[in-house]
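Here's the structure, in structure tokens; my notes come after.
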Amino acid sequence: MPYTMIIALAIHIVSAVIWVGGMFFAYTCLRPSMGTLEHAPDRLRLWRAVFARFFRYVIIEIVLLLGSGYWMIFMEFGGFAGAGIHIHIMNLTGFVMMGLFGHLYFAEWLKFRRAVDAEDFPTAGTRLNRIRMIVATNLGLGWVTIIVGATGRYWG
Ligand code: HEM
């Protein structure tokens with residue numbers, strides 16, 4: 001395997017781990033622990049601070065996933081015609097994840113952030129619930145994408 005492929009694959013895997021692992025932590029560890037904060041405004045302010053940092057990383061990881069993914073396809077596999085079915089599936093589920101994240105970011109997160117800053121906590125709570133649903137969906141899709149991407153070479 002050429003060393004450039006190893007570098008691209010390393011960037012790709014680390015980006016996937018940060019994105020999907022971050023969603024796993026937020027959904028299954030942080031969310032159930034939020035109840036330890038007594039007041040809803042405190043919980044919403046903490047989510048705002050957490051997401052402001054996490055979403056910045058997600059944007060970077062999306063750029064890296066796309067860059068490294070297409071680099072492997074076009075520089076190593078000679079285009080989509082030379083790529084296995086698992087790569088086509090990954091491309092599809094990856095784009096669904098990125099589309100959902102785009103909606104989460106531009107439609108829900110920006111409004112959530114504005115609502116928290118304006119201390120409109122009922123609106124912030126509604127937006128947070130939608131963010132939660134999108135993260136749950138993307139977490140499931142993330143598992144599928146990782147499994148397909150990592151096992152595909154044995155069946156794709
Ligand atoms: C959307 C565009 C994407 C493209 C074009 C793409 C492309 C690729 C390519 C070409 C490979 C190498 C496969 C092989 O060596 O057989 C790969 C591997 C992989 N991708 Fe993606 N990918 C994309 C999105 C994603 C996303 C969103 C995730 C996870 C969240 C992901 C996770 C993985 C994993 C875990 C591997 C396997 C690494 C390994 O063990 O070899 N990919 N991807």
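When a ligand or atom number is given, it counts from 1 through the structure's own listing order.
Looking only at atom types and distance, the side chain of W19 has no donor-acceptor partner in the side chain of S15 under 3.5 Å away. One side chain, N91 or Y70, offers a donor N or O that lies under 3.5 Å from an acceptor on the other.
Shown here are the salt bridge (Lys or Arg N to Asp or Glu O under 4.0 Å) partners of E38, two or more places apart in sequence or in another chain: there are none. Residues passing the salt bridge (Lys or Arg N to Asp or Glu O under 4.0 Å) test with R31: none are found, sequence neighbours excluded. R43 is linked by a side-chain hydrogen bond (donor to acceptor under 3.5 Å, both in side chains) to nothing, counting only residues two or more places apart in sequence or in another chain.
Aromatic ring pairs are classed by plane angle as parallel below 30°, tilted from 30° to 60° and perpendicular above 60°; the pair W143 and F24 is perpendicular.
Closest heavy-atom approach to atom 1 (C) of ligand 1 among the candidates H88, M97, M1, M98: M98. Among M75, M23, H86, the residue whose heavy atom lies closest to atom 14 (C) of ligand 1 is H86.
When each of F95, F51, F55, Y57 is tested with F101 by the rule ring-ring contact (aromatic ring centres under 6.0 Å, His included), just one qualifies, namely F55.
The nearest protein atom to atom 9 (C) of ligand 1, hydrogens excluded, is given as M72 CE, 3.5 Å; this is a heavy-atom distance. Among protein heavy atoms, atom 15 (O) of ligand 1 sits closest to R153 NH2, 3.3 Å.
Residue contact check: I13 has heavy atoms under 4.0 Å from atoms 38 (C) of ligand 1.
The environment of CE in M34 is crowded: more than 12 heavy-atom neighbours from other residues, nucleotides or ligands sit within 6.0 Å.
Distances from atom 21 (Fe) of ligand 1 under 2.8 Å pick out these protein N/O/S atoms: H12 NE2, M90 SD.
For the pair Y70 and ligand 1, the shortest N or O to N or O distance does not fall below 3.5 Å.
The side chain of L9, and not its backbone, has at least one atom closer than 4.0 Å to an atom of ligand 1 (non-hydrogen atoms only; side chain from C-beta on).
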